Structures are given as structure tokens and as C-alpha cells.
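A short worksheet on the structure shown next.
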Amino acid sequence: MKMLLLMILNTKLECKTRTVLIAFSDPSVTGVKKTALEEVGPEALVHIIQAHVLSGRCLGSAKEGKAKFLAFHNALEIFLHAPRSQEIKDRSLVYAIFSGLLLCCKSGTTLFSKNIAIEYEEELVQSFVNTARQNKDPAHICRALAAQALSFAGKEGQLLKAIETQHKLESLYSAEDHSELVSQVYGSDRAAQSYGVCALWYDLLGMETELKQQIDYVILRLLPKMDPKNVHNSFMLLFPVLCCMKKRGLGSQAKAIFNSQIVQKFDKYYGEGKSTFFLPMYKSVEILFGLAGGEWLSSSAELINWALKPETGSFSYHMESGAISIGRDGKGVVAEICLLLAKHQPHHDSCIQRLVEKSIRLVQESLQRFGRIRVNEFANEENQKVLAALLNFQSIRLN
């Protein structure tokens, strides 16, 4: 790990109005020289590290991605190398740093080349698991195993290893004992969320029996133990499962669960004027699940007008990169909505061409942006199906 950390030498990053210089041959931490930390005691170091972690969590747009990585990376540097850091009694402080860095790895916002980033992620995950095991922290072991499973899923031919790691997690995890702590440290229950993502892996491997069991477990046994106010956690847990249900003709059921467990919970606990990370996708997801389940309005004119608005299908890169790895991205969802609406219109309807053109544009943008990332394989396969259906529809209905 230390050798990989030292690979970022003299890396310069423009971060809004200031330049952050990281030079680990003479380390500085967002402008604070290492020598300035020599007399800083353990309590003050904890506050400094926590400030960097908080900074990393607050940063999130595409432009801020590398600054986010540096915030977590600097926190780890202080934790590992500040002269008095070994006096920090609560070593669990490092877990949130590991988690933040791994999220940066998944979104591709590190400062490394592709090959080095893969090696960095592998060592980071293993350090996370080893540290949690050494400290005998079951809740953090579960979070670390979730990260390790996702790391395996991002590599070619290693989905079975991902599932094997998920089984290790499931043998340790208890929602009653661990969910609250994991949510406090990591912002949401990323150990529980791994149950949902595992459904995608079963789908990709054609393991239908295991997939059905996973869907039932998540909805009937795990979800009721989650904090209903944490709608972000509910989305992360349920969205992969609901995408698998929709794929199997259960769109109406998926819509009902999405509405009752996510949309209505957000309205109840937060309401108008409030926000949450995936809120911009709520309407699109509800519409897609409904249309896929055969639910049509007596007149689809309102839906078509909405779908053809220029802003419909425009989402932040940061949100899209999070959504696509757990089922579908917003562009792919809206592209499929446009396809379904076009198919439902009379042959002479003038809007068909515009729906098809927009759908093709959106799905191609999604595939161009995310199509080569293996952890997005489920969504990419769905988007490829949408594109094939569009081209077929175009050749038959519009020529």
C-alpha cells in the first residue's frame, strides 16, 4: 500500500479557485506541510482527518471528482504518516477513508492510469478487509467484504468470486446488530446494499433460483429492518432488485414497491424543497416500471410531451455513475421510455420519429460513457437490447 501511495508524486490539481499540491517526497496536506503536523497531538489529528473525510463526502460533481479523491487520500496520508498518528486510539477512523477512496475508484476519479488504479483498488480493498479483521469489528468486516465483492464484480470472469465473498458477508451480517453502525460511519448501509447488487450478478450468470431467493430476501426480510427515513439507502438496496423484476415482466410490482418504499417515504419524511442523491431519477424510474408493466394512460400525450422536453434525460455525471452500477442509468431509463412510447403510438403519429431519435441518442451516449466498465454489465446489456430494438423498430416502422 505504501509504495502505491507514493506513486502520486508532484501531482497538481486545479480545485476551483485554489491549487492543491501533493508532493509526497515532502508531503503537504492541502497546504499544510508535514513539518507543521509534527507537534499536533492525536486529538487534533482526528479533527483534521475528519475534516478531510467530510470534505471528500461533500465533493461529488464530475469537476470535483479528483478533489474528492485527494481529500480522502490526504486523510489516509495523515492517518498513516503524521508523526503522532500512532497515538490515535480509535483506529476505526480509517474505515470511512477506505470507503471513500473505494467509491472514487469505482467512479474512475483517481489520479492513476487504468492499470495502476486497478492495482491500487485491489490493495486498498485487501487492506480494508485485513484492518477490519485485525480489529475484530464485524460491522466493518461486512462493509469491507461488500467492497471486496464489488471489486471482484468489476473484473472479467470473477462474478463467482464476488458471489463467494457476498456469501461470507451474509454469514456475518445482522441488520439488527450492524445496520445502524454501518449507516453512521458510511452514510448508508453499504453492507446491506450488497445484497441488492448481488441480484445483478445472479442475473448475469443465469442463476434464476438464487436470484428469486435474493429478491425475496431483500424485499421481505431485509428491507423491513432498514431505517425507512434513509431513502438513499432504500434506493441503493432496492433498485438492483427492482430492475431484475422489471426485466422478468414484473414491472407493475416493481413500480408499486418503488413508489411505496422510496417515493412515498421521501415525501413523508422530507417533502417538497428537499433533496436526495437519486431524486432526479424517481419520475423516470416510476414511468419505466409502469410502462414495462403494461400500465398506459388513456392518453399518452402528457408522457410524450414530458419525454421530448430537452431537459428530460439530462442528469449529472456523478449521479449517473452511481446509478448505472446498481441497475440502470438515467439516460438508459429515459431511452427505454421513449422506445416504449414510440411503439405504442399509431403508425402515422408525427412524434414517433422524434421519440426514436432521442432514444437512440440517449442510449448511445450511455454506452459511450459507461459501456466499457465491467461493473456496469447489467445496465450495459439492457441498454444494448434497447438500442437493438430501436434500430429494428426504425427499419420496420420508419422506412
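On a predicted model such as this, the values are computed, not experimentally measured, just so you know.
Atom CZ of Arg133 sits about 5.5 Å away from atom CG of Leu145, to the nearest 0.5 Å. The distance from atom OG of Ser188 to atom NE2 of His232, rounded to the nearest 0.5 Å, is 4.5 Å. Atom CG of Leu222 sits about 9.0 Å away from atom CD of Gln214, to the nearest 0.5 Å. Between the CG atom in Leu391 and the OG atom in Ser395 there is a gap of 8.0 Å [rounded to 0.5 Å]. If you take NZ on Lys247 and CE on Met245, they are separated by 14.5 Å, rounding to the nearest 0.5 Å. Residue Ser284 holds its OG atom at 5.0 Å from CD1 of Ile337, rounded to the nearest 0.5 Å.
The shortest distance between side-chain heavy atoms of Lys265 and Tyr270 does not fall below 4.5 Å. Residues Pro138 and Leu172 have side chains not in contact (no heavy-atom distance under 4.5 Å, counting atoms from C-beta outward). Side-chain atoms of Leu80 and Leu76, non-hydrogen and from C-beta on, do get closer than 4.5 Å to each other. Side-chain contact between Phe258 and Tyr282 is present, with heavy atoms from C-beta onward closer than 4.5 Å. Taking 4.5 Å as the limit, every side-chain heavy atom of Tyr195 sits out of range of all side-chain heavy atoms of Cys198.
Salt-bridge annotation for Asp203 and Arg248: present, with a side-chain N of the basic residue lying under 4.0 Å from a carboxylate O of the acidic one.
With hydrogens and angles disregarded, no donor-acceptor distance shorter than 3.5 Å links the side chain of Thr165 to the backbone of Ala149. Distance alone, capped at 3.5 Å, is enough to place a donor-acceptor pair between the Gln345 side chain and the Leu341 backbone. The backbone N or O of Tyr95 sits nowhere less than 3.5 Å from a side-chain atom of Ser99 that would complete a donor-acceptor pair. At distances below 3.5 Å, not a single donor-acceptor pair connects side-chain atoms of Thr276 with backbone N or O atoms of Leu279. Lys68 places a side-chain N or O within donor-acceptor distance of the main-chain N or O of Gly56, the cut-off being under 3.5 Å. Side-chain N or O atoms of Thr312 include one that pairs as donor or acceptor with a backbone N or O of Trp306 at under 3.5 Å.
Pairing each heavy atom of Leu238 with each of Val218, the nearest pair is CD2-CG1, 4.2 Å. Looking at every heavy atom in both residues, Arg91 comes nearest to Ser85 through NH1-O, 2.9 Å. Residues Tyr173 and Ser179 come closest through the heavy atom pair OH-CB, 3.5 Å. Minimum interatomic distance between His318 and Ser321 (heavy atoms only, all atoms of both residues): O-OG, 2.8 Å. Nearest heavy atom pair, residue Ala82 against residue Leu45, reads CB-CD2, 3.9 Å. Considering all non-hydrogen atoms of both residues, Ala379 and Ile324 come closest at CB-CG1, 3.4 Å.
The aromatic ring centroids of Phe72 and His52 lie 6.0 Å or more from each other.
The side chain to side chain donor-acceptor pair (under 3.5 Å) with Gln148 is formed by just one residue from the set Gln126, Lys161, Lys168; it is Gln126. The salt bridge (charged side-chain N to carboxylate O under 4.0 Å, His left out) test with Glu336 is passed by exactly one of Lys385, Lys246, Lys358: Lys246.
Within 6.0 Å of the CD atom in Gln368, the count of heavy atoms belonging to other residues, nucleotides or ligands does not exceed 12. Other residues, nucleotides and ligands place more than 12 heavy atoms under 6.0 Å from the NZ atom of Lys155. By the 6.0 Å contact criterion, CD on Glu43 is open, its count of non-hydrogen atoms from other residues, nucleotides or ligands being 12 or less. For Glu176, the CD atom sits in a packed shell: over 12 heavy atoms of surrounding residues, nucleotides or ligands are nearer than 6.0 Å. The environment of CZ in Arg361 is crowded: more than 12 heavy-atom neighbours from other residues, nucleotides or ligands sit within 6.0 Å. Heavy-atom contacts from other residues, nucleotides or ligands closer than 6.0 Å to CD of Glu381 number more than 12.
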ask   = What do the steps show when you test Phe278 against Ile326 for side chain to side chain contact (heavy atoms under 4.5 Å, CB included), and what is the final call?
value = CA-CA 12 Å; Phe278 291 111; Ile326 57 170; 4.3 Å; yes

Candidate pair Glu357 and Arg354, rule salt bridge (Lys or Arg N to Asp or Glu O under 4.0 Å), full reasoning = CA-CA 5 Å; Glu357 288 176 353; Arg354 287 185 295 154; over 6 Å; no

message = salt bridge (Lys or Arg N to Asp or Glu O under 4.0 Å) for Lys225 and Asp189? Distances and angles first, verdict last.
response = CA-CA 11 Å; Lys225 298 174 182 177; Asp189 189 348; over 6 Å; no

request  = Check step by step if ring-ring contact (aromatic ring centres under 6.0 Å, His included) holds for Phe235 and Phe266.
outcome  = CA-CA 11 Å; Phe235 188 100; Phe266 177 81; over 10 Å; no

message = Under the criterion side chain to side chain contact (heavy atoms under 4.5 Å, CB included), I'd like the reasoning laid out for Leu103 against Arg190: C-alpha separation, chi angles, the key distance, then a yes or no.
response = CA-CA 11 Å; Leu103 291 176; Arg190 296 191 176 277; 3.7 Å; yes

ask   = Passes side chain to side chain contact (heavy atoms under 4.5 Å, CB included), Val356 versus Leu339? Steps please.
value = CA-CA 6 Å; Val356 170; Leu339 169 64; 6.0 Å; no

request  = Let me see the working for Phe152 and Ile163 under side chain to side chain contact (heavy atoms under 4.5 Å, CB included), right down to the final yes or no.
outcome  = CA-CA 9 Å; Phe152 282 131; Ile163 291 172; over 6 Å; no

Audit row: Glu365, Arg369, salt bridge (Lys or Arg N to Asp or Glu O under 4.0 Å) steps and yes/no = CA-CA 6 Å; Glu365 287 176 0; Arg369 177 180 285 182; over 6 Å; no

request  = Just do the salt bridge (Lys or Arg N to Asp or Glu O under 4.0 Å) check on Glu286 and Lys255 with the steps written out, would you?
outcome  = CA-CA 6 Å; Glu286 272 202 287; Lys255 178 186 175 182; 5.4 Å; no

request  = Begin with the C-alpha distance, continue with both residues' side-chain angles, and end with the deciding distance and a verdict on ring-ring contact (aromatic ring centres under 6.0 Å, His included) for Phe128 and His140.
outcome  = CA-CA 9 Å; Phe128 194 177; His140 298 293; 7.8 Å; no

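For the 3.5 Å distance criterion, the side chains of Gln261 and Ser234 fail to qualify, holding no donor opposite an acceptor. Side chains of Ser92 and Asp90: a donor-acceptor N/O pair is present below 3.5 angstrom, by distance only. Side-chain contact annotation: Ser151 with Glu122, donor-acceptor N/O pair under 3.5 Å absent.
For the pair Arg143 and Tyr186, the distance from NZ or CZ to the six-membered ring centre is under 6.0 Å and the angle to the ring normal is within 45 degrees.
Cluster membership for Ile118 and Leu150, using ILVMFWY side-chain heavy atoms within less than 4.5 angstrom, is not shared. A continuous path of hydrophobic side-chain contacts links Leu204 to Ile373 [ILVMFWY only; heavy atoms under 4.5 Å].
The aromatic rings of Phe289 and Phe239 sit tilted relative to each other, their planes meeting at an angle between 30° and 60°. Ring-plane geometry between His73 and Tyr120 is classed as tilted, the angle between the planes lying from 30 to 60 degrees on a 0 to 90 degree scale.
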